[in-house]
Undergrad: 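For reference, the structure I am asking about is given below.
Hydrogens, waters and symmetry mates play no part in the numbers below; they use all other heavy atoms, side chains included.
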Amino acid sequence: MITQKQRRTEKSLCLKHYYKWILCFFLTLYFLASFFVDHDQDQYQRSSSSRSNPLLTNPKPKLFASRAMFESKLHDHKLGFAPQRPNIRTDVFNNLKIYVYDLPSKFNKDWLANDRCSNHLFAAEVALHKAFLSLEGDIRTEDPYEADFFFVPVYVSCNFSTINGFPAIGHARSLINDTIKLVSTQYPFWNRNNGSDHVFTATHDFGSCFHTMEDRAIADGVPKILRNSIVLQTFGVTFNHPCQEVENVVIPPYISPESLHKTLKNIPVTKERDIWAFFRGKMELHPKNISGRFYSKRVRTKIWRSYGGDRRFYLQRQRFSGYQSEIARSVFCLCPLGWAPWSPRLVESVALGCVPVVIADGIRLPFPSAVRWPDISLTVAERDVGKLGEILEHVAATNLSVIQRNLEDPSVRRALMFNVPSREGDATWQVLDALSKKLNRSVRRSNSFL
């Protein structure tokens, strides 16, 4: 005889079987629908890519991020900017199109765990990556087959593991090699022309040589694997140099727009410049360091020895958090070479209205078509540092007011600043302008003439 408890158990089992069949039925419908939708999209993608790229009969497997994945990166708090629309007109650059590789985070984003990575003087590599990502729907394309150039966002200047706190770049060459190996094996575009339409950044002392000391940089030169590409680098000279044996664009070092804005906000507009000639930074009393090399080619030591007791010159060897406020108070700002010829003082001086005094023989300055350097700065030969006081007195008595008036042009300051999102006329804009003049390297353009 079946008890009431057994009946309840049997009823419960029947209900469980019933719900299980219902669940299986709807899951089957879901997977069938997903299969047909994905199959149709895949067929369409294969047919469209083959139509647009008849030269690529057997392309590599696609690893391109979906639109949703790419847009989600714009909201990543580690990238540190809001996905605003940039103020860029696409027709200005002959309809230039750039594809930004979505590399594994070990090549870029992981380095941002250290906040200095986004703010130090070598951070143009980070700023450009952010700025290019902000070009959503304008110059940046999500379809690599319509790209003229391919930006490779690998950060090599963010290793702050050294005792003195300066970034080490001993890992740079291996990181670049790993990046190119990944790009060339998982995407078809590098191998079409050995990377001649690929763009890298090298924002440290001797650029694409990836060494901090010039003798080592010259000995090793630009890595062979990189010599066919385009490098955006802070290093540039007007004479032949092994670290320029690659297609390159000289860019300014990074200075935080926020820090400059804060400095300008705290300086009264009517405040007179009460410092005549200013320099704060490393000035060796004995220029030959423990490596046997002479820092700054002895130039900074000579400045200190010649003018350390001169009341016209405000020279300081220690760090100071209010350093930019001192620039904003100065008439002339000395920009001597260090280990390399370029210096962040060039950008800070221009941005804060202090006349830059460039002391670095043969330096090639960034964006000369947008920044008329002879109109806003002074150039003093390294051999003439002993006459610096006399030279500055002469300028002060003749054309100083003209130079200062030229420095007030906001377009000059804008051209040296990296903004996120990019703005018309800023440093990213100048990079795009330079790339638009290298469209002969574009495979897409060359194919259109076949």
Side-chain angles (χ1 to χ4, degrees), residues 236-239 252-253 267 271-288 293-318 320 322-366 368 371-409 412-413 416:
V237 288
T238 56
F239 48 87
I267 298 294
K271 176 76 174 178
E272 290 187 6
R273 296 181 180 267
D274 57 340
I275 300 174
W276 192 68
F278 170 69
F279 179 82
R280 180 182 288 276
K282 183 177 181 180
M283 287 181 286
E284 300 283 11
L285 298 179
H286 306 287
K288 190 174 184 178
R293 301 176 177 92
F294 285 96
Y295 182 68
S296 186
K297 299 181 181 178
R298 304 181 178 88
V299 167
R300 294 192 187 189
T301 300
K302 191 167 185 179
I303 291 173
W304 177 256
R305 289 176 179 174
S306 301
Y307 302 104
D310 191 322
R311 296 181 64 181
R312 298 172 301 174
F313 286 77
Y314 184 63
L315 307 177
Q316 298 293 321
R317 299 173 59 220
Q318 295 79 30
F320 173 52
Y323 159 76
Q324 288 186 352
S325 65
E326 294 175 323
I327 294 177
R329 292 168 50 199
S330 302
V331 176
F332 297 106
C333 288
L334 309 186
C335 303
L337 72 163
W339 288 118
W342 62 271
S343 164
R345 295 172 183 82
L346 286 166
V347 177
E348 291 169 313
S349 300
V350 172
L352 295 170
C354 181
V355 177
V357 182
V358 184
I359 312 171
D361 291 354
I363 187 174
R364 189 155 57 98
L365 297 168
V371 180
R372 291 284 304 154
W373 289 100
D375 296 343
I376 64 166
S377 66
L378 304 178
T379 299
V380 176
E382 294 168 15
R383 67 176 181 274
D384 292 334
V385 166
K387 305 174 185 176
L388 190 56
E390 180 184 339
I391 293 170
L392 297 185
E393 288 282 9
H394 174 75
V395 172
T398 54
N399 62 333
L400 175 60
S401 60
V402 175
I403 297 173
Q404 290 176 321
R405 190 160 54 248
N406 294 335
L407 269 175
E408 293 173 0
D409 183 351
V412 171
R413 303 179 183 188
L416 300 176

Undergrad: Is the backbone N or O of Leu388 less than 3.5 Å from a side-chain atom of Tyr307, with the two atoms forming a donor-acceptor pair by type?
TA: yes
Undergrad: So, Arg300 side chain and Gly281 main chain: donor-acceptor pair closer than 3.5 Å or not?
TA: no
Undergrad: Using side chain to side chain contact (heavy atoms under 4.5 Å, CB included), reason through Glu393 and Trp276 one step at a time and then give a plain yes or no.
TA: CA-CA 10 Å; Glu393 288 282 9; Trp276 192 68; 3.9 Å; yes
Undergrad: Give a yes or no on whether the backbone of Leu337 and the side-chain of Ser343 come within a donor-acceptor separation of less than 3.5 Å.
TA: no
Undergrad: Side chain to side chain contact (heavy atoms under 4.5 Å, CB included), that's the test. Do Ile391 and Val357 meet it? Break it down for me.
TA: CA-CA 10 Å; Ile391 293 170; Val357 182; over 6 Å; no
Undergrad: Counting only N and O atoms by type, is there a donor-acceptor contact under 3.5 Å from the side chain of Arg280 to the main-chain atoms of Arg317?
TA: no
Undergrad: Within the side chain of Ser349, is there an N or O that forms a donor-acceptor pair under 3.5 Å with the backbone of Val355?
TA: no
Undergrad: In Å, rounded to the nearest 0.5 Å, how long is the span from CD1 of Ile275 to SG of Cys333?
TA: 8.0 Å
Undergrad: Quick check: does any side chain N or O of Arg329 sit under 3.5 Å from a backbone N or O of Ile267, one acting as donor and the other as acceptor?
TA: no
Undergrad: Is it true that a side-chain atom of Arg364 and a backbone atom of Phe239 form a donor plus acceptor pair closer than 3.5 Å?
TA: no
Undergrad: Working to the nearest 0.5 angstrom, can you tell me the gap between Lys282 NZ and Thr301 OG1?
TA: 9.5 Å
Undergrad: At their closest point, which heavy atom of Pro366 faces which heavy atom of Val371, and how far apart are they?
TA: O-CB, 4.4 Å
